[in-house]
Amino acid sequence: CSLTMPDGTKVRAMDEAMMQETLDWYSRTVASCRKIGFDAILLHFGHGWLPDQFLSPFYNHRSNEYGGSIENRARFPLRILEAVRDAVGPHYPVEMRISAYEWVEGSIEFPDVLAFSRMAERYVDMIQVSSGIDKNTVANVHCITTNLEPEMTNLGWARQVKRAVSIPVSVVGAFMTPQVAEDALARNDVDAVAFGRTLIADPDWPRKAMEGRPEDIVPCLRCNNCYHIASDHWNVGCSVNPHYHNESFVPKGIARANTGRNVVILGAGPGGMRAAITAFDRGHRVTLVEREDEPGGMLRFIARESHKSEVARLLGHYRAQLAKRDIRVMLGCEATPELVRALEPEALGIAIGATERRPDIEGCCWQPRPSCAPTSSRGASSSSAAARLAASWPSSLPRGADRCSSSRWPMPWPAMPTPSTGRRCARSSSCTPTSKRHWATAAPRSQPSTSSTQMTLAGGRRLHTTT
């Protein structure tokens, strides 16, 4: 089993002396964990780590008493478990994670996994079922799955392990909502469900689940920006939790502002919705302006893909959070200088998205058919197409305010000055320029342009904007 790594590192097969030193370190480490107050420990026997390298024929090519049959390959891992149990005593909780399948040619066979689980149950209190290999670029996409793979990928294996042993069995891997975890427990498929990335996306996930507030849980996208497979340990972060890995400058909680201000956010895509929610939670009066007939921005289109259920869940989360707050949501309204001036913002957030840039390289980019050519800077071919798209949303998604007069959106708003270029909103006859509800201006929606404008706001302050 000796080898040389691609970077030139020489790896020597463990001899008996090295094995004994490793056992001693296991014993000392777990004893220290118990002494300093940890309630339990988890031993990682999967994902290609040392115990798994003995168990799996993908790594273990020995011809001595530690290689060949599963009984031989399990010999040193069982010595580890015995040393750990002796070090912590019979009543200290010990959980062991295993890989049910490694997603590589030469992987440990599942019958061998079941056999080792039966051998190990005398030493551990729970077996956690996972799969894949962390350090292997072929197998780690199954170890930490992306949205290209099904959710709950390891549940089938965990169900079989539970039937094979007499101790509790847990499972980890893409349990995205409290309900799917509850369902697995209710069916007696497993005894516990473990979570990883979901707790990065929302550290308050367990509390919100216990309080019956699943709509308040910020959903994980399984984008893997938090995992080295996507980042190579560079620029690690979370797409929905800016605090993660930015703890030095992004506060964990949302502090209340000393003075509430009139905040206007232009654009109800994911950035605009999140900004509006945060501003409201800080104590500001918030108006969110969106040109389209429902909030969501590009999420509305991405969520329609069959493998983008996580994005659909995020869209539903943002919409639910808007509906829970007293935020003025103006849909079907072009954010012209006259409109913004009339709203008298003390702070203005511009979240109108980006303009796609296509390199001038022949054949590099998809070109739409003439019948599908967009007629606006947002790429929508017509308002009727947007209406058809809105009507096709899954019923499980919280619907946005698709009517200007929709009562689903909070409307105890103060009267707004009438813009000089106001017109009736095409969506509702109740939306006149003098209405206290939503209204739009006469700026044509099909003529994208870039302009620089100065506005005079409340108190005589001047604001320079580029649209």
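Given the structure is predicted, the values throughout are model-derived calculations rather than measurements. Values below: every heavy atom of this structure, side chains too, minus hydrogens, waters and symmetry copies.
- In this structure, the separation between CG on N224 and CG on N147 is 9.0 Å, given to the nearest 0.5 Å.
- A donor-acceptor pair under 3.5 Å is formed between the side chain of N246 and the backbone N or O of P242.
- Between L331 and P295 the shortest side-chain heavy-atom distance falls below 4.5 Å.
- Considering all non-hydrogen atoms of both residues, A158 and S170 come closest at CB-O, 4.4 Å.
- Nearest heavy atom pair, residue A31 against residue A87, reads CB-O, 4.3 Å.
- For D15, the CG atom counts as densely surrounded, since its 6.0 Å shell holds more than 12 non-hydrogen atoms of other residues, nucleotides or ligands.
- Taken to the nearest 0.5 Å, the CD1 atom of I277 stands 6.0 Å off from the CD1 atom of I327.
- When all heavy atoms of E290 and G269 are compared, the closest pair comes out as OE1-N, 4.2 Å.
- Ion pairing between a basic and an acidic side chain is recognised when a charged N comes within 4.0 Å of a carboxylate O; E109 and R73 show no such pairing.
- In summary, the side chains of S239 and N225 do present a donor paired with an acceptor at a separation below 3.5 Å, with no hydrogens or angles considered.
- If you check the side chains of R274 and T278, you find a donor sitting under 3.5 Å from an acceptor.
- Salt bridge annotation for D52-R97: absent, with no cationic side-chain nitrogen under 4.0 angstrom from a carboxylate oxygen.
- Around the CZ atom of R207, the shell of radius 6.0 Å holds more than 12 heavy atoms that belong to other residues, nucleotides or ligands.
- Within the 4.5 Å cutoff, the side chain of T9 has no heavy atoms near those of the T4 side chain.
- Between the side chains of H142 and T153, no donor N or O sits under 3.5 Å from an acceptor N or O.
- A donor-acceptor pair under 3.5 Å is formed between the side chain of Q53 and the backbone N or O of G48.
- Remark: of the listed residues V169, I167, V161, V161 is the sole one forming a side chain to side chain contact (heavy atoms under 4.5 Å, CB included) with S117.
- By the 4.0 Å N-to-carboxylate-O rule, E149 lies too far from R222 to be salt-bridged with it.
- More than 12 non-hydrogen atoms from other residues, nucleotides or ligands lie less than 6.0 angstrom from CD of E247.
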**OP:** Using the side chain to side chain contact (heavy atoms under 4.5 Å, CB included) rule, take I265 and T287 through it: C-alpha gap first, then chi angles, then the decisive distance, then the call.
**Re:** CA-CA 6 Å; I265 307 294; T287 299; over 6 Å; no

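- A distance of 8.0 Å separates CG in D281 from CZ in R256, rounded to the nearest 0.5 Å.
- For the residue pair V113 and A100, the shortest heavy atom distance occurs at CG2-O, 3.6 Å.
- Taking both residues in full, the closest heavy atoms of F45 and L55 are given as O-CD1, 4.2 Å, listed atom of the first, atom of the second, then distance.
- With E102 contributing its side chain and I108 its backbone, the two residues share a donor-acceptor pair below 3.5 Å.
- For the pair E346 (side chain) and N262 (backbone), a donor-acceptor distance under 3.5 Å is present.
- Between the R325 side chain and the L322 main chain, no donor and acceptor come within less than 3.5 Å of each other.
- Rounded to the nearest 0.5 angstrom, I80 CD1 and F54 CZ are separated by 7.5 Å.
- Remark: the backbone N or O of E65 is paired with a side-chain donor or acceptor of R75 at under 3.5 angstrom.
- A heavy-atom distance below 4.5 Å is found between the side chains of L81 and L43.
- The environment of CZ in R261 is sparse: at most 12 heavy-atom neighbours from other residues, nucleotides or ligands sit within 6.0 Å.
- No donor-acceptor pair under 3.5 Å is formed between the side chain of R285 and the backbone N or O of V263.
- In this structure a side-chain-to-backbone donor-acceptor pair under 3.5 Å is missing from T198 to M176.
- Taken from NZ in K135 to OG1 in T137, the straight-line distance is 12.5 Å, to the nearest 0.5 Å.
- When all heavy atoms are compared, the tightest approach of P345 to V264 is CB-CG2, 3.5 Å.
- A 4.5 Å side-chain heavy-atom check between F175 and F195 finds at least one atom pair inside the cut-off.
- In the model, Y66 has a side-chain atom that pairs as donor or acceptor with a side-chain atom of E16 under 3.5 Å.
- Of the possible polar contacts, one joining the H245 side chain to the V236 backbone as a donor-acceptor pair under 3.5 Å is found.
- Separation of atoms SG (C226) and CD1 (I200) is listed at 4.0 Å; rounding is to 0.5 Å.
- Q128 contributes no side-chain N or O that, together with a main-chain N or O of V172, makes up a donor-acceptor pair within less than 3.5 Å.
- Shown here is F38, whose CZ atom has no more than 12 heavy atoms of other residues, nucleotides or ligands within 6.0 Å.
- Two residues are said to be in side-chain contact when any heavy atoms from C-beta on lie closer than 4.5 Å; T145 and R197 meet this criterion.
- Around the CG atom of N64, the shell of radius 6.0 Å holds more than 12 heavy atoms that belong to other residues, nucleotides or ligands.
- A salt bridge links R313 and E151; the closest N-O separation between the charged side-chain nitrogens and carboxylate oxygens is under 4.0 Å.
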**OP:** Under the side chain to side chain contact (heavy atoms under 4.5 Å, CB included) rule, what do I133 and H47 come out as? Steps first, then yes or no, please.
**Re:** CA-CA 4 Å; I133 300 175; H47 295 181; 5.8 Å; no

Subject >> Stepwise side chain to side chain contact (heavy atoms under 4.5 Å, CB included) check, L155 with R187 >> reply: CA-CA 12 Å; L155 183 58; R187 291 191 304 265; 3.5 Å; yes

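- Looking at E121 and M96, their side chains never come closer than 4.5 Å, going by heavy atoms from C-beta outward.
- With a 4.5 Å cut-off on side-chain heavy atoms, F116 and L78 count as touching.
- Annotation: side chain of M14 is in contact with side chain of R62 (closest heavy-atom distance under 4.5 Å).
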**OP:** Walk me through it: do W103 and V141 pass the test side chain to side chain contact (heavy atoms under 4.5 Å, CB included)?
**Re:** CA-CA 9 Å; W103 298 97; V141 295; over 6 Å; no

